[in-house]
2 protein chains.
Amino acid sequence: MCRDCAHTIHRTRNHYGWDRSIEPVARIAPGETVAFECIDASDGQITKASTVADLGRMDDGRVNPVNGPVYVEGAEPGDALKITIDGFDPSGFGWTANIPGFGLLADQFPDPALHLWSYDREIRQPAAFGAVGKVPLKPFAGTIGCSPAAPGPHSVIPPRRVGGNLDVRDLSAGTVLYLPVEVDGALLSVGDTHAAQGDGEVCGTAIESPMDVALTIDLVKDARLAMPRFTTAGPVTRHLDAKGYEVTTGIGPDLMEGARAAVSGMIDLLSAETGMDPVDAYMLASVCGDLRISEIVDAPNWVVSFHFPRVVLG
Amino acid sequence: MCRDCAHTIHRTRNHYGWDRSIEPVARIAPGETVAFECIDASDGQITKASTVADLGRMDDGRVNPVNGPVYVEGAEPGDALKITIDGFDPSGFGWTANIPGFGLLADQFPDPALHLWSYDREIRQPAAFGAVGKVPLKPFAGTIGCSPAAPGPHSVIPPRRVGGNLDVRDLSAGTVLYLPVEVDGALLSVGDTHAAQGDGEVCGTAIESPMDVALTIDLVKDARLAMPRFTTAGPVTRHLDAKGYEVTTGIGPDLMEGARAAVSGMIDLLSAETGMDPVDAYMLASVCGDLRISEIVDAPNWVVSFHFPRVVLG
């Protein structure tokens, strides 16, 4: 997929969690293009043959492996990596799960659930979710980050100012991402590839899917960037918005509770309108629905909205 | 503008704050269409001749007047109003202000600022913001709500489950809004019309602009709706997204702090790239930039993104 790649980070070259002491698997010059053969967030523990029972047997120590780290010559603390997201080669297989204890509504959905996806590798067709849903695809890497400066191991789950498990669905082909560098060489790793996800990733998983990723990695000296930022090449929801949106809201003094109310409202609505099981509505919402902050200034109550694209319902 | 209107709520028929004891100014049958001649959120205190000094002289007791209330025959607590937003007749004049003590970054912007807009009433052309910005317009009513059940006066500023000062920029022409009813007759009022606003309304004001609004108001009996919800007729950002977005992020355990970091980051970026004064960047961001929750499940850190549409910069 990557004619211009000077390096390949093969699928075996991955690690669990962040640690500045992990030995780089490649050293590159700024401006070079690198292919990452990313495994899915289960490290291959969920397969086409998996059932919901396999979720309970997963080894948590193997969650969310990332390919790397890649040492970028000349990168120093205070610089930024400028990462052009060249493209993705999706595998055609994916999964979405409700994992007990994880997700925005973990208290309301205590039981595990698993949906397996088979999708068009060319991503020209939406992916079917039973008889009800057709989800337009837009692949991206959920986890892309540099090593934190603080020594010792760090969980891969929370994102940080150096990036990591950002789960920003707009980090798709054509986007240029800037990440703060905190250690010499930056130590960039990539993984957790998703075939589609909505803003929020509300159930805790997307369409988790192994795929290859091509990135051109450049360096901005002395960028003094506080947080990651990015530039998209074009519209971010064009693949979803042709038929408009069903929108639920949560209103109150706490954004988290507002988000929970908005998503709960959408699950109720989707279940009532389609007959879908609530946990299926929750998972479907996670892969295509968007959490937006409509209003954050009319004290003491804020409005959080959850936008579900009607095109998914056909 | 409203051929099908059976009632007009004239500009003098407005009130300040919510109170179920306010006498209705019209009684309508479900399904009727009503024109609301809305004043702006300053109640006409900001005019084409205003300067920033006028902000300090504003009478706070006159903030955010709403036209109404309209009594809907047959509406009872537990029902919902189904409000089809038929259209807007914008005035062509608007204002955006940084009002001290109000807005997401009130601590960083203590001084008042005022921008006056003159825009195409047909909203075919974007509105100019100095030499730098061209803001595509999409009018809506910032405040649309039923009377709360709790007796006595209630501030108009916070939105509630019955609606009110929702400031949801997708409540534009073609959207169908459902609002919970808490009192007999619903007692619907409308105001705070905006020519454009981004998700969040981050500086606390939008393009505040007087305009007429046409709504068809229907009733859904026994709807048992927890929070407002709505259905959009089509895409919600198509007017903004042709040239993609500049996006800044805020990452951490608190969504409010994440939102503040993302917006601060955008103000820094816009100021650096255009030479714009930071308070101008803040106001421009408020009328066209979107706060999104990219990730709300990777505990303990969430990602809030602020999307600024590049088309605004030409």
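What you are looking at is a predicted structure, and each value in this text was computed from that prediction instead of being measured. Here is how names work: the chains are called A, B, and so on, in the same order as the sequence lines, proteins then strands, and each is numbered from 1.
For a residue to count as touching a neighbouring chain, one of its non-hydrogen atoms must lie under 4.5 Å from one of that chain's; by this rule A:Asn165 touches chain B with backbone and side chain alike. Heavy-atom distances place the backbone of B:Ala299, and not its side chain, under 4.5 Å from chain A. Within the 4.5 angstrom heavy-atom criterion, only side-chain atoms of B:Leu269, from C-beta onward, approach chain A. A:Ala226 does not touch chain B: none of its heavy atoms, backbone or side chain, sits under 4.5 Å away. B:Asp290 touches chain A through its side chain: at least one heavy atom from C-beta onward sits under 4.5 Å away, while N, CA, C and O do not. Residue contact with chain A, scored on non-hydrogen atoms closer than 4.5 Å, involves the side chain of B:Val303 exclusively.
Of the listed residues B:Gln197, B:Glu201, B:Arg238, B:Met256, the one with more heavy-atom pairs under 4.5 angstrom with chain A than any other is B:Arg238. In terms of heavy-atom pairs under 4.5 Å with chain B, the best-connected choice from A:Leu225, A:Val156, A:Leu240, A:Val236 is A:Val236. Between chain A and the options B:Thr248, B:Asp167, B:Val247, heavy-atom pairs under 4.5 Å are most frequent for B:Val247. By number of non-hydrogen pairs under 4.5 angstrom with chain A, the leading residue of B:Ala233, B:Gly244, B:Gly200, B:Pro235 is B:Gly200.
Considering every non-hydrogen atom in both B:Val297 and A:Gly204, the closest pair reads CG2-CA, 3.7 Å.
Residue-level contacts of residues 96-107 of chain B with chain A, in order of numbering, are B:Phe102, B:Gly103, B:Leu104; threshold 4.5 Å between heavy atoms. Using a 4.5 Å heavy-atom cut-off against chain B, the contacting residues of residues 169-178 of chain A are A:Arg169, A:Asp170.
For the ring-ring contact (aromatic ring centres under 6.0 Å, His included) test, no residue two or more places apart in sequence or in another chain qualifies with A:His239.
Side-chain atoms of B:Arg310 come within 3.5 Å of backbone atoms of A:Thr232 as a donor-acceptor pair (strictly under, hydrogens ignored). Looking only at distances, a side-chain donor or acceptor of B:Asn301 sits under 3.5 Å from a matching main-chain atom of A:Pro159. In this structure, the side chain of A:Arg229 does not engage the main chain of B:Met266 through any donor-acceptor pair within 3.5 Å.
With contacts defined as side-chain heavy-atom distances shorter than 4.5 Å, the pair B:Ile293/A:Ile293 qualifies. With contacts defined as side-chain heavy-atom distances shorter than 4.5 Å, the pair B:Ser294/A:Asp199 qualifies. Within the 4.5 Å cutoff, the side chain of B:Thr249 has heavy atoms near those of the A:Met227 side chain.
Considering CG of B:Asn64 and CG of A:Asp298, their distance stands at 8.0 Å, rounded to 0.5 Å. Put simply, OG on B:Ser305 and CG on A:Leu291 are 11.5 Å apart, with the number rounded to the nearest 0.5 Å. Taking CG of A:Asp254 as the reference point, atom CG of B:Leu255 lies at 8.0 Å (rounded to 0.5 Å). Once rounded to the nearest 0.5 Å, the distance linking OG1 of B:Thr231 with NZ of A:Lys243 reads 14.5 Å.
The stretch residues 282-314 of chain A participates, sequence neighbours left out, in these ring-ring contact (aromatic ring centres under 6.0 Å, His included) pairs: A:Phe109-A:Tyr282, A:Tyr245-A:His307.
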